[in-house]
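Lettering follows sequence order; numbering is per chain, from 1.
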Amino acid sequence: MENNKIRLRFAPSPTGMLHIGGARTALFNWLYARYSKGTFILRIEDTDQVRSTEEAVNVILEGMKWLGLDWDEGPGKEGKYGPYYQMQRLSLYKKYAQQLLKEKKAYYCYCTKEELAESRKRQLKVNKSHPKYDRHCLNLSDEEKRKYEKEGRKPVIRYKIPEKKIVFNDLLRGEVSFDGELLSDFVIVKSDGIPTYNYAVVIDDALMNITHVMRGDDHISNTPKQILLYEALGFDVPKFAHIPMIMGEDHAKLSKRHGAASVMEYRKMGYMPEALVNYIAHLGWSPGNDREIFSIEEIIKQFSLKNISKHAAVFSTDKLNWFNNEYLKKMPVDSLTKLLLPYLKEADYIKDEKLSPEKFEWVKEIVKLMLGRFRNFSQFIDYADYFFTDKIDIESKAFRTVLNKDGVLDILTTLKEKLSVVENWDEESLEDAVRGVASSLKIKAGKIIHPTRVSLTGKKIGPGLFELMVVLGQEKNVKRIEEAIEKIKEAKKNAN
RNA sequence: GCCCCCAUCGUCUAGGGGUUUAGGACAUCGCCCUUUCACGGCGGCGACAGGGGUUCAAAUCCCCUUGGGGGCACCA
């Protein structure tokens, strides 16, 4: 029973950020594991000693946790197939390499980089299509080996490619076949004794009993090499599913230069993990109906290899924004406000995330006013600055087109007088006050509303004026209108 | 260069021989709501890459071309 269980893994190499593409691969593996009540394993492929860092490991673990992709086995969750860091599994790779060596399925190679390059150049001259390793070291005598060792050469271990057709049945693409003759004897153990990716991944997936290997389709051409190794080692070959890649808006492989490419950047920008997950789930997958907003449980229930598409998908920030906004609108204001606190703290809008109940209520009022007007938390920080700061910056265009106009000075002066004596600082009284000023000056209310908004917020756009005035409070209202009046006067003086 | 994968609106996709004047979503445009922006409502624009087959019938099946992507390391 236990042996029939579906086991999938996500096996990132900790050489940088948790990429959006990697996150989507992780998500699909996780979804399929959860859907099939299988096991999801996280394995760290840290055999690139130059580029791997502990920090990158942490970023990956944190990113996975933030997205809600919990693993059943892996770092911090040792299972019976551990360890889950490749650098802690070196003895395993060594053991099976020895087996291949003994069975003459692999051999030591002492060729230097220069010699390899030389050989390639020679081949290009005669048979330019597919140069491969010339097998110079395939049948080295012990004496030759000793000679090379004396020269200080450290050998690699190469796998000897059997020249046959390799066919596999991809779960998404059907039959895929490669000609073994085109493959070169590739290195499985580097001269420093560390295994290469194509070798280590096979040992680990086999030993960890991985049943389904789901990964980006950039791995399709690695698959024949890996299948050959499974067969050479006598392991069962897992099922493969190569999922389409995610591209940037320019249709090139998603990378740093596309702006935000890492999961953590999206957290920083204030996207909700549920929204990000919902969106990237739809990159290359569709449940086949017209709905798009789904809880993670609903996605798990509907997830199937059958409705994964085969072609690459372009990442769209616009659509992500829409997803995020849908989640923001659905969220209770209370919870939303709580989520926002760290960002407010980060922006120095509040001193401490622990707010008094009154202050929390006040922030909540602001969130209510802003709801639907921001697509992520950093936009909230940008758009709602005037609630939290003392000094506001009046956008120059707003000043020019709204405040620095004939008659505005009188309007604001009259309004300021009126506002400083308003007794009940609530929406109704304020609307009465403003409309009262309008009728006494014989102008339309809009003529007052716009300059007032700019005076109070520095912006031409924002929530309803009267509700905004209530939250801002009488003192700030009067003060900001006074400041605006001064600025207008100054501008007029400079103009003359 | 060689090998492999892929191909429906600008983007994500539905559709898997007749139910299709090819459906939805994002974006975009217009109108309504409105003090502004957003939200919401209504509507518009917008695609089967091309060519051959197969078939009574093809976006759907096959082939070729073209286009896009990926891989050809002592990186993963």
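Summarising the base pairing, B/A57 is matched to no nucleotide, lacking a Watson-Crick or G-U wobble pair whose two defining distances lie under 3.5 Å. The nucleotide B/C42 finds its pairing partner in B/G30, both defining distances of the Watson-Crick or G-U wobble pair being shorter than 3.5 Å. Pairing for B/C37 is absent, judged as Watson-Crick or G-U wobble with the two contacts each under 3.5 Å.
When heavy atoms are screened at a 4.0 angstrom cut-off, A/Ser177 is found touching the sugar-phosphate backbone but no base atom. Base contact: A/Gly464 has a heavy atom under 4.0 Å from a base atom. No contact: A/Gly446 has no heavy atom under 4.0 Å from any strand. Across all strands shown, A/Val50 has no heavy atoms under 4.0 Å from either base or sugar-phosphate atoms. At the heavy-atom level, A/Met370 lies nowhere under 4.0 Å from the strands shown. A/Ala313 comes within contact range of the sugar-phosphate backbone alone, with a heavy-atom separation under 4.0 Å but no base atom that close.
For A/His282 and A/Phe323, the gap between ring centers is short of 6.0 Å. Annotation: A/Phe168 is in aromatic contact with A/Phe240 [ring centroid separation under 6.0 Å]. Taking the six-membered ring where the residue is Trp, the centroids of A/Tyr133 and A/Phe186 are separated by 6.0 Å or more.
Within residues 314-325 of chain A, the residues having any heavy atom closer than 4.0 Å to RNA chain B are, in order of number, A/Val314, A/Asp318, A/Lys319, A/Trp322. Within residues 304-311 of chain A, the residues approached by RNA chain B to less than 4.0 Å at the level of any non-hydrogen atom are A/Ser309, A/Lys310, A/His311, in residue-number order.
Within the cation-pi definition used here (under 6.0 Å to the ring centroid, within 45° of the axis), A/Lys330 qualifies as a partner of A/Tyr327.
A/Lys132 has no side-chain polar atom (N or O) that falls below the 4.0 Å cut-off from OP1 or OP2 of B/C2.
B/C45 and B/G23 have their P atoms separated by 11 Å, with the value rounded to a whole Å. Between the C1' atoms of B/C63 and B/U54, the separation comes to 11 Å (whole Å). To the nearest whole angstrom, the two C1' atoms, one in B/A59 and one in B/G43, are 27 Å apart. The P atoms of B/A47 and B/C42 are separated by 23 Å, rounded to the nearest whole Å. Nucleotides B/U13 and B/G53 are separated by 33 Å at their P atoms, to the nearest Å. B/G51 sits 15 Å from B/U66 when the P atoms are compared, rounded to a whole Å. The separation of B/A27 from B/C39, taken at their P atoms, amounts to 8 Å, rounded to a whole angstrom.
Distances were taken from every side-chain heavy atom of A/Arg173 (C-beta onward) to each of B/C6, B/C39, B/C12; the shortest belongs to B/C6. Each of B/U35, B/C6, B/G70 was ranked by its minimum atom distance to the side chain of A/Met245; first place goes to B/G70. Considering only the side chain of A/Lys329, B/G40 comes nearest among B/C4, B/G69, B/G40. Each of B/U36, B/C12, B/U13 was ranked by its minimum atom distance to the side chain of A/Ile461; first place goes to B/U36.
Legend: side chain to side chain donor-acceptor pair (under 3.5 Å) pairs involving residues 9-26 of chain A, not counting sequence neighbours, sorted by first then second residue: A/Arg9-A/Asp205. A side chain to side chain donor-acceptor pair (under 3.5 Å) check over residues 307-317 of chain A, counting only residues at least two apart or in different chains, returns the pairs A/Trp285-A/Asn307.
To the nearest 0.5 Å, atom CD1 of residue A/Ile166 and atom NZ of residue A/Lys164 are 7.0 Å apart.
Spacing between atom CD1 of A/Ile243 and atom P of B/G69 amounts to 19 Å, rounded to whole angstrom units.
Checked for salt-bridge contact, A/Glu149 and A/Arg153 miss the test: no charged N lies under 4.0 Å from a carboxylate O. Here A/Lys301 does not pair with A/Glu298 in a salt bridge; the nearest charged N to carboxylate O distance is not below 4.0 Å. The pair A/Asp385-A/Lys459 meets the salt-bridge criterion, with a side-chain N (NZ, NE, NH1 or NH2) lying under 4.0 Å from an Asp/Glu carboxylate O. Salt bridge status for A/Arg89 with A/Glu45: absent, with no side-chain N to carboxylate O gap under 4.0 Å. Taking the charged nitrogens against the carboxylate oxygens, A/Asp192 and A/Lys154 have no contact shorter than 4.0 Å, which rules out a salt bridge.
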Any N/O pairs under 3.5 Å between the protein and nucleotides 71-76 of chain B? List them or say none.
{"from": "B/G71", "atom 1": "OP1", "to": "A/Lys253", "atom 2": "NZ", "distance (Å)": "3.3"}
{"from": "B/G71", "atom 1": "O4'", "to": "A/Ser221", "atom 2": "OG", "distance (Å)": "3.2"}
{"from": "B/G71", "atom 1": "O2'", "to": "A/Ser221", "atom 2": "OG", "distance (Å)": "2.9"}
{"from": "B/A73", "atom 1": "OP2", "to": "A/Arg120", "atom 2": "NH1", "distance (Å)": "2.9"}
{"from": "B/C74", "atom 1": "O2", "to": "A/Ser191", "atom 2": "N", "distance (Å)": "3.0"}
{"from": "B/C74", "atom 1": "O2", "to": "A/Ser191", "atom 2": "OG", "distance (Å)": "2.8"}
{"from": "B/C74", "atom 1": "N3", "to": "A/Ser191", "atom 2": "OG", "distance (Å)": "3.2"}
{"from": "B/C74", "atom 1": "N4", "to": "A/Cys111", "atom 2": "O", "distance (Å)": "3.4"}
{"from": "B/C75", "atom 1": "OP2", "to": "A/Lys190", "atom 2": "NZ", "distance (Å)": "3.1"}
{"from": "B/C75", "atom 1": "O2'", "to": "A/Asp48", "atom 2": "OD2", "distance (Å)": "2.7"}
{"from": "B/C75", "atom 1": "O2'", "to": "A/Arg51", "atom 2": "NH2", "distance (Å)": "3.4"}
{"from": "B/A76", "atom 1": "OP1", "to": "A/Thr47", "atom 2": "OG1", "distance (Å)": "2.9"}
{"from": "B/A76", "atom 1": "OP1", "to": "A/Lys190", "atom 2": "NZ", "distance (Å)": "2.9"}
{"from": "B/A76", "atom 1": "OP2", "to": "A/Tyr197", "atom 2": "N", "distance (Å)": "3.0"}
{"from": "B/A76", "atom 1": "O3'", "to": "A/Glu45", "atom 2": "O", "distance (Å)": "3.4"}
{"from": "B/A76", "atom 1": "O3'", "to": "A/Glu45", "atom 2": "OE1", "distance (Å)": "3.4"}
{"from": "B/A76", "atom 1": "O2'", "to": "A/Ser13", "atom 2": "OG", "distance (Å)": "3.0"}
{"from": "B/A76", "atom 1": "N6", "to": "A/Asn222", "atom 2": "OD1", "distance (Å)": "3.3"}
{"from": "B/A76", "atom 1": "N6", "to": "A/Asn222", "atom 2": "ND2", "distance (Å)": "3.4"}
{"from": "B/A76", "atom 1": "N1", "to": "A/Asn222", "atom 2": "OD1", "distance (Å)": "3.3"}

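Residues passing the side-chain hydrogen bond (donor to acceptor under 3.5 Å, both in side chains) test with A/His219 are A/Tyr197, A/Asn222, sequence neighbours excluded.
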